[in-house]
Amino acid sequence: MELKLVLKAVLLFAVCITRSCASVYRNMYVELGTTVTLTCTNTMISWHDMIFVIWKIKLRDKKCTIAVAKNDLDHDTCLDGKKQSHTADGMYHLIIPNFSIQDEGKYTCDTSYQSGGTIEEVTVSGRARPQLTGWLEYEQGQTVAVCEATGKPAATIQWKTPWNSTFVLGKASENTGQLSTVVNRLHLPQHASYENLTCVATASDLKNISTQFSNFTFRDAHSQWPIIFVCVLAAVLIAFSLTGLYLCSNFKLLSIFRKLCCKPEMPVTNEEKPQQPYDPEELQPYASYVQRVNSIYNSSADLFKA
């Protein structure tokens, strides 16, 4: 590798002394998430005449190099999926798959060939199409349509309404090097329908590409289902409780009514008992007892006398 770098420096120095080295600087905007192809030079150079092609890459958080030489091994310190390629007609490219914000930076292509050399620097910046979401809210008894656009750079939001939109609030929050989010709120007039409402987001750096959103629904419509279920369950429990209380109270009233209206048969008192047949012994128990005792005693005395 050290031999390769020394060879590269010597050859470049010799080429620049004998021939003028052309330098080109340009900016390039690409869409995030796409495969980006950077052209090293517009000059067609056959591989037979090529000496080396070196990409010096300076990103946000690192620096790396990707190089190919005619008489040396390929060199790659990036190790992140970027690769160099060339076509049969002599065009040299750097391919960046799935371009992300981390790939933003300066890409310098240094080429040397038999008849000259070029240095071309490309500053590559990522752009993202506006991604739109929208919903409806209630604010102080009025319906409010909310439109949120996330992209890079910050998008411009406009409304398409059947009426003249008079009260629009906008709020943007942007982070350097990250996606930007723009929120726009539209207060709907009284009794206005939101069915024909459309939110339009435009990104100027993406050739005025516009994105539209018109499917507005209340954001908390799904989250209200658990609350509705709990309310219905509470109402059912309350209804059962009231029904039980009502039935219990009716049973108590019925039992009281029965006690008042349907008296049970009272036991017969002494006054109401029927008179028993007259028994003289019960009225004169002592006389009867004396008489019985005397009769027994008399019979025993008569027996001993005999």
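For reference, positions follow the sequence shown, starting with 1. Keep in mind that what you see is a predicted model, and the values were worked out from it rather than measured.
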| message | For Trp47 and Tyr92, take the angle between the two ring planes, folded into 0 to 90°, and tell me which bin it lands in: parallel under 30, tilted 30 to 60, perpendicular over 60. | response | tilted

| message | Please evaluate residues Tyr113 and Val53 with respect to the criterion side chain to side chain contact (heavy atoms under 4.5 Å, CB included), reporting the C-alpha separation (whole Å), side-chain torsions for both, the decisive distance (0.1 Å), and the verdict. | response | CA-CA 9 Å; Tyr113 47 94; Val53 179; over 6 Å; no

| query | Closest heavy-atom contact between Ile101 and Arg60? | reply | O-NE, 3.6 Å

| Distance-only donor-acceptor check, side chains Glu120 and Thr118, under 3.5 Å | no

| Any side-chain heavy-atom pair from Thr35 and Ile95 closer than 4.5 angstrom? | yes

| Test item: Met91 and Thr39 side chains (from C-beta on) under 4.5 Å apart, heavy atoms | yes

| query | Sequence neighbours excluded, which residues qualify as side chain to side chain donor-acceptor pair (under 3.5 Å) partners of Lys58? | reply | none

| message | Please check: side-chain N/O of Asp103 versus main-chain N/O of Ser100, any donor-acceptor pairing under 3.5 Å? | response | yes

| message | What I'd like to find out is whether the side chain of Leu94 reaches to under 4.5 Å of the side chain of Cys109, using heavy atoms alone. | response | no

| So, Gln142 side chain and Pro189 main chain: donor-acceptor pair closer than 3.5 Å or not? | no

| message | Distance check, rounded to the nearest 0.5 Å: Ser125 atom OG versus Lys152 atom NZ? | response | 6.0 Å

| query | Closest heavy-atom contact between Gln84 and Val68? | reply | NE2-CG2, 3.0 Å

| task | For residues Glu148 and Trp135, report the shortest heavy-atom separation together with the two atoms involved. | result | OE1-CH2, 4.0 Å

| query | How far apart are the C-alpha atoms of Phe52 and Asp110, what are their side-chain angles, what is the distance that settles it, and do they pass the side chain to side chain contact (heavy atoms under 4.5 Å, CB included) test? | reply | CA-CA 8 Å; Phe52 60 78; Asp110 186 356; 4.3 Å; yes

| said: Working to the nearest 0.5 angstrom, can you tell me the gap between Thr217 OG1 and Arg219 CZ? | reply: 10.0 Å

| query | Which residue pairs pass the disulfide (SG to SG under 2.5 Å) test with at least one member in residues 118-161, sequence neighbours excluded? | reply | Cys147-Cys199

| How many angstroms lie between atom CG of Leu197 and atom CG of Leu136, to the nearest 0.5 angstrom? | 7.5 Å

| message | Which heavy atom of Thr77 sits nearest to which heavy atom of Thr65, and what is that distance? | response | OG1-N, 2.8 Å

| task | Could you please spell out the steps behind the side chain to side chain contact (heavy atoms under 4.5 Å, CB included) verdict for Trp55 and Leu38? | result | CA-CA 10 Å; Trp55 283 94; Leu38 303 180; 3.9 Å; yes

| field | Lys160 side chain reached by Gln212 side chain, heavy atoms, under 4.5 Å | value | yes

| Excluding sequence neighbours, so at least two apart, what forms salt bridge (charged side-chain N to carboxylate O under 4.0 Å, His left out) with Glu137? | Arg185

| message | If you compare all heavy atoms of Ile66 against all heavy atoms of Cys78, which two are closest, and at what distance to 0.1 Å? | response | CG1-SG, 3.9 Å

| said: Do Leu32 and Leu179 have side chains that approach each other closer than 4.5 Å (heavy atoms only, starting at C-beta)? | reply: yes

| At what distance, to the nearest 0.5 angstrom, does OG of Ser112 lie from CD1 of Ile54? | 8.5 Å

| In terms of side-chain heavy atoms, does Ser210 have a donor or acceptor partner in Thr202 at a distance below 3.5 Å? | yes

| task | Indicate yes or no: does Asp80 engage Lys62 in a salt bridge with an N to O separation below 4.0 Å. | result | yes

| request: Evaluate side chain to side chain donor-acceptor pair (under 3.5 Å) for Trp159 paired with Asn184, printing each intermediate quantity in order. | output: CA-CA 9 Å; Trp159 293 91; Asn184 202 287; 2.8 Å; yes

| said: Measuring from atom OH of Tyr194 to atom OG1 of Thr143, what distance do you get when rounded to the nearest 0.5 angstrom? | reply: 8.0 Å

| request: Enter the distance from Thr123:OG1 to Met28:CE here, rounded to the nearest 0.5 Å. | output: 11.5 Å

| Non-hydrogen side-chain atoms of Phe216 and Leu186 separated by less than 4.5 Å | no

| Counting only heavy atoms not in Glu121, do more than 12 sit closer than 6.0 Å to its CD atom? | yes

| request: Looking only at non-hydrogen atoms, find the nearest pair between Val36 and Phe99 and report the distance. | output: CG2-CB, 3.7 Å

| message | Tell me whether Lys106 at atom NZ has more than 12 heavy atoms from other residues, nucleotides or ligands lying less than 6.0 Å away. | response | no

| said: Closer than 3.5 angstrom, by distance alone: can the side chain of Ser193 be matched with the main-chain N or O of Glu195 as a donor-acceptor pair? | reply: yes

| query | Given side chains that start at C-beta, do those of Gln114 and His48 come closer than 4.5 Å, heavy atoms only? | reply | no

| field | Beyond-backbone contact of His187 with Gln140, side-chain heavy atoms, under 4.5 angstrom | value | no

| request: Carefully, step by step, assess Lys82 and Ile57 under the rule side chain to side chain contact (heavy atoms under 4.5 Å, CB included). | output: CA-CA 11 Å; Lys82 299 179 180 68; Ile57 303 171; 4.0 Å; yes

| field | Residue pair Tyr138, Phe218: steps toward the ring pair (Phe, Tyr, Trp, His ring centres under 6.0 Å) verdict | value | CA-CA 9 Å; Tyr138 281 119; Phe218 284 96; 4.8 Å; yes

